[in-house]
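Reviewing the structure listed below.
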Amino acid sequence: MLIYDRVTPIATDAHADVCIEPATSYSFAKTVNSVPLLGVEFIAAAPDHPIVFARNSEAIFPAALLGLRAEVNDHVDFDGSWQGGYLPAFLRRHPFVFSRPEDDTEGTYTLCIDEGSPRVNREGRGDRLFEADGSQSEVLKAALAFAVEFQNQFRQTQDFCRRLESLNVLEEAQARYRDAKGAEGSMGGFSVINREKLKRIPTERMLHMFRSDELALCYAHLHSLQNILKLGRAAQYDGAVSVTPV
C-alpha cells in the first residue's frame, strides 16, 4: 500500500464522529521514491517528473520517479511541504483508497480511510465524514467521486500498458549516476519505451494509437525522461544522470 498505514472500510457507525483536516503536509510520502501514475496524468506530469514503467509480479504500470535514492522522496521538504511541481493523483487521493478482497472477482470496491493519517481525527478538526443525520458529507462525497474516477482511469491505463507490451516496445533500463565522492551507482527495476521500436509499429496500429491519444502518451513519457537530471541535482550527484538500456 506504499503510503497507507491503517486502512479501514468507512462505515457510518464506526466513523460518525471522524473528521479530516485539509492536506498541508506530505510527510507520509517522504520515503517513497516512485508512485503509480495514471495515463491521463502523463501530459501534466511530464514537465516535472520522469515517467517510467514499473513491473510487479502481475503486470507493468506507469510510475513517476520522485527520487533516485532508496526510500527518499526528493520532492518532500523537511517540513512536509511538496516541492515537486505536479502532484500525482495517487498522493492526492490519500488518506482515502478503494479496496476489495483478493477473492472478489465481481469488482466490488469499498471506500476506505487511513486511520493512521494525522489528518484523520475525532476531535472536530476539519470537516466531518458524516452529517448529524448519518448522511455523507460533501467531503466524503468528493472523496468517493475521486476514488471512482481514479479506478476508472486505472483500468484504462492498464489497457494502455497491455497494448504496449503486446507491441514489444518496452525495454528494461536503469538510471546511472556518480555520487559526490566519485563512486558510480545505478537505479533499475523499470522499463522505458524504445523510440526506434515505436517507429516500427505497423501503420494500422500506429493510426489507432494516434486517434486514441496513446501515441501522445508515449512521446510525453519519452520527453519526461529528461527530468532524470533534476533528480540527480536534487540528490547532489556529481555530473549528469543518464538512462540506459539494461
Side-chain angles (χ1 to χ4, degrees), residues 1-10 20-42 44-46 48-102 104 107 109-120 143-144 146-158 160-161 172-175 187-192 221 224 227-228 230-231 234-235:
M1 298 293 286
L2 287 180
I3 57 176
Y4 293 89
D5 183 18
R6 300 200 316 270
V7 174
T8 306
I10 296 176
I20 181 169
E21 296 182 275
T24 58
S25 173
Y26 293 90
S27 293
F28 63 87
K30 65 183 179 182
T31 61
V32 292
N33 63 359
S34 68
V35 294
L37 196 71
L38 302 172
V40 71
E41 299 182 271
F42 275 33
D48 298 315
H49 307 297
I51 302 171
V52 298
F53 295 87
R55 185 183 297 277
N56 60 22
S57 58
E58 299 177 357
I60 197 164
F61 202 80
L65 284 185
L66 305 177
L68 296 178
R69 295 167 289 183
E71 300 185 354
V72 176
N73 184 339
D74 287 315
H75 298 311
V76 177
D77 212 342
F78 69 94
D79 60 354
S81 60
W82 180 258
Q83 304 293 326
Y86 180 76
L87 183 63
F90 183 84
L91 299 179
R92 283 184 277 127
R93 184 181 55 166
H94 187 269
F96 299 97
V97 65
F98 263 153
S99 180
R100 69 174 181 180
E102 292 185 1
D104 185 349
Y109 289 88
T110 301
L111 185 64
C112 301
I113 191 168
D114 182 3
E115 294 186 341
S117 169
R119 295 173 58 195
V120 178
L144 178 60
F146 191 96
V148 169
E149 180 61 16
F150 186 98
Q151 202 61 37
N152 289 337
Q153 294 294 340
F154 186 88
R155 284 192 290 266
Q156 292 185 34
T157 307
Q158 283 181 313
F160 167 59
C161 290
E172 291 186 33
Q174 60 184 354
M187 173 188 176
F190 62 86
S191 297
V192 298
H221 149 71
S224 78
N227 292 316
I228 204 80
K230 292 183 181 179
L231 293 182

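By the 4.5 Å heavy-atom criterion applied to side chains, Lys30 and Tyr26 are not counted as neighbours. Looking only at side-chain heavy atoms (C-beta outward), Phe190 and Ile51 stay at 4.5 Å or farther from each other. Here the side chains of Phe98 and Thr110 are not in contact, with every heavy-atom distance at 4.5 Å or above. Here the side chains of Arg69 and Asn33 are not in contact, with every heavy-atom distance at 4.5 Å or above. Side chains of Leu65 and Met187 form a contact here, defined as non-hydrogen atoms less than 4.5 Å apart. The shortest distance between side-chain heavy atoms of Phe53 and Leu37 does not fall below 4.5 Å. Within the 4.5 Å cutoff, the side chain of Leu38 has no heavy atoms near those of the Phe90 side chain. Between Asn227 and Pro50, the closest side-chain pair of non-hydrogen atoms falls below 4.5 Å.
Taken from CD1 in Ile60 to CZ in Arg55, the straight-line distance is 4.5 Å, to the nearest 0.5 Å. Ser27 contributes atom OG, which lies 10.5 Å from atom CG of Asn73 (distance to the nearest 0.5 angstrom). For the atom pair Glu115 CD and Asp5 CG, the distance stands at 10.0 Å (nearest 0.5 Å). Rounding to the nearest 0.5 Å places NE2 of His49 at 12.5 Å from CD1 of Ile228. Annotation: the span from Leu144 atom CG to Ile10 atom CD1 amounts to 8.5 Å, rounded to 0.5 Å. The NE2 atom of His75 sits 5.5 Å away from the CG atom of Leu66 when rounded to the nearest 0.5 Å.
Closest of all the heavy-atom pairs between Ala29 and Leu91 is CB-CD2, 3.8 Å. Annotation for Val192 and Ala173: closest pair CG2-CB, 3.9 Å, computed over non-hydrogen atoms. Residues Leu68 and Leu231 come closest through the heavy atom pair CG-CB, 3.9 Å. When all heavy atoms are compared, the tightest approach of Phe28 to Ser25 is CE2-O, 3.7 Å. Closest of all the heavy-atom pairs between His94 and Ile3 is NE2-O, 3.4 Å. Closest approach of Cys161 and Phe61 over heavy atoms only: SG-CA, 3.9 Å.
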Exercise. Applying ring pair (Phe, Tyr, Trp, His ring centres under 6.0 Å), run through Phe42 and His221 and close with a yes or a no.
Key: CA-CA 7 Å; Phe42 275 33; His221 149 71; 7.2 Å; no
Quiz item: Would Arg119 and Asp114 count as a salt bridge (charged side-chain N to carboxylate O under 4.0 Å, His left out) if you check the C-alpha gap in whole Å, the side-chain angles of each, and the deciding distance to 0.1 Å?
Solution: CA-CA 9 Å; Arg119 295 173 58 195; Asp114 182 3; over 6 Å; no
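At least one donor-acceptor pair closer than 3.5 Å links the side chain of Asn56 to the backbone N or O of Ala59. Checked by atom type and distance alone, the side chain of Asp79 pairs as donor or acceptor with a backbone atom of Ser81 at under 3.5 Å. A side-chain donor-acceptor contact under 3.5 Å links Tyr4 to the backbone of Phe96.
Screening residues 88-98 for salt bridge (charged side-chain N to carboxylate O under 4.0 Å, His left out) gives Glu41-Arg92 as the qualifying pairs, with residues at least two apart or on separate chains.
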